[in-house]
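Remarks on the structure that follows.
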Protein chains: 2
Amino acid sequence: MVAEKVFTQLRRGTLEFCVLALLQGEPRYGFELVKALGEVDGLVTTEGTIYPLLARLRREGLVETSWRESESGPPRRYYKSTAEGSQALAAFTADWQRFCASVDAILESGRRG
Amino acid sequence: MVAEKVFTQLRRGTLEFCVLALLQGEPRYGFELVKALGEVDGLVTTEGTIYPLLARLRREGLVETSWRESESGPPRRYYKSTAEGSQALAAFTADWQRFCASVDAILESGRRG
DNA sequence: TCCGCTACCATGCGACACAAGGTACCTGCC
DNA sequence: GGCAGGTACCTTGTGTCGCATGGTAGCGGA
């Protein structure tokens with residue numbers, strides 16, 4: 001699809017926190033995140049995007065990891081949000097809503113004008 | 001503000017169409033756009049961002065330009081959306097709404113989980 | 001042996017930020 | 001009238017950073 005390029009730009013800055021949101025509950029591993037995001041409209045990504053992102057989150061202390069054996073296949077590294085991660089997610093959510101409101105207002109004004 | 005960095009990322013991909021939305025009605029010139037965007041939460045930019053962006057829009061045929069004398073100061077280059085630009089804006093608006101819905105859903109699930 | 005799952009790295013692109021430079025117009029002063 | 005300085009406006013170059021692309025490597029099952 002041609003329009004995919006638009007989403008590539010839109011994902012910037014949000015993908016990081018979408019991943020963080022997915023890691024709030026049960027711990028998940030990288031490949032699982034790719035599959036989960038792939039089911040959401042406009043958030044499709046690949047491992048090449050997810051792993052550097054997860055590494056960054058870990059470096060910043062927003063997620064913590066643990067290895068677990070898999071029933072089928074190589075062991076998996078599970079990621080889980082830290083308290084700091086949850087806090088960062090809450091802060092982003094507020095910013096995101098403000099931003100959306102601004103953009104919606106501008107787009108709306110364009111439809112009128 | 002520290003949180004400004006977040007908005008820098010969020011602006012990517014949307015700023016282009018916010019400008020296009022502002023150019024739907026009356027033609028505007030670059031400096032005017034900078035001031036208009038500066039009043040909107042999360043969309044503050046500078047000339048260094050706007051002019052390359054406008055140049056790109058012009059290259060893609062989404063806006064057209066004309067010079068006009070100014071009452072005070074140097075002549076201004078006015079930008080105005082083409083029919084193709086309006087069409088692109090409509091397409092983006094649809095994509096944007098889908099994207100917002102997806103992100104909202106993910107963030108919401110993170111708050112529950 | 002081949003293929004799928006899983007993790008990870010190297011490289012590149014593209015959009016926006018930052019900052020400086022340049023030109024045109026106006027105003028005030030002499 | 002004409003010069004100096006300030007402001008409006010446009011342009012350009014360099015930097016930054018997140019995501020994409022493509023590739024490597026190891027393990028395990030068919």
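Residue numbers start from 1 in every chain, and the chains themselves are labelled A, B, ... in the order their sequence lines are given, proteins ahead of strands.
Phosphate contact (OP1/OP2 of D:dC19, side-chain N/O of B:Arg12, threshold under 4.0 Å): absent. In terms of phosphate contacts, B:Tyr29 brings no side-chain nitrogen or oxygen within less than 4.0 Å of OP1 or OP2 of D:dC10. B:Thr8 has no side-chain polar atom (N or O) that falls below the 4.0 Å cut-off from OP1 or OP2 of C:dC16.
The interatomic distance linking B:Glu4 (CD) with C:dA17 (P) rounds to 10 Å, in whole Å. Regarding A:Arg11, its CZ atom lies at a distance of 15 Å from the P atom of C:dC16, rounded to whole Å. The distance between atom CZ of B:Arg76 and atom P of D:dC10, rounded to the nearest whole Å, is 8 Å. In this structure, A:Phe31 places its CZ atom 17 Å from P of D:dG28, rounding to the nearest Å. Note: CD (B:Glu47) to C1' (D:dA8) measures 10 Å, nearest angstrom. Note: CZ (B:Arg59) to P (C:dG14) measures 11 Å, nearest angstrom. Nucleotide C:dA24 holds its P atom 10 Å from the CH2 atom of B:Trp67, rounded to whole Å. At whole-Å resolution of the value, NZ in A:Lys5 and P in C:dC13 are 12 Å apart.
A cation-pi arrangement is present between B:Arg68 and B:Tyr78 under the rule of less than 6.0 angstrom and at most 45 degrees off the ring axis. Cation-pi check for B:Arg76 over B:Tyr29 is met; the charged atom lies under 6.0 angstrom from the ring centroid and within 45 degrees of its normal.
You'll find that the side chain of B:Thr45 is closest to C:dA17, out of D:dA8, C:dA17, D:dC19. Between D:dC19, C:dC18, D:dC9, one nucleotide has an atom nearer to the side chain of A:Thr49 than all others, and that is D:dC19. Distances from the side chain of B:Leu15 to the nucleotides C:dA17, D:dC17, C:dA7 place C:dA17 closest. With C:dA7, D:dC9, C:dA17 as the candidates, the nucleotide lying closest to the side chain of B:Lys35 is D:dC9.
How far CZ of A:Arg111 is from CD1 of A:Ile106: 12.5 Å, rounded to the nearest 0.5 Å.
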For a side-chain contact (heavy atoms from CB on, under 4.5 Å) check, start with the C-alpha distance between B:Leu89 and B:Ser81, then their side-chain angles and the critical distance, and finish with the verdict. CA-CA 10 Å; B:Leu89 178 61; B:Ser81 174; over 6 Å; no
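The only member of B:Arg11, B:Lys5, B:Arg12 that meets side-chain hydrogen bond (donor to acceptor under 3.5 Å, both in side chains) when paired with B:Thr8 is B:Arg11.
Shortest non-hydrogen contact noted between B:Gly13 and A:Leu10 is C-CD2, 4.4 Å.
In this structure, B:Trp96 and A:Phe99 have perpendicular ring planes: the angle between them is above 60°, well past the 30° mark.
Within 4.0 Å (heavy atoms only), B:Tyr78 reaches no atom of the nucleic acid at all.
The stretch residues 50-57 of chain B touches DNA chain D through B:Tyr51, B:Pro52, each having a heavy atom within less than 4.0 Å of the strand.
Residues A:Gly48 and A:Ser70 both approach DNA chain C. Their nearest nucleotides, taken by heavy-atom distance, put A:Ser70 toward the 5′ side.
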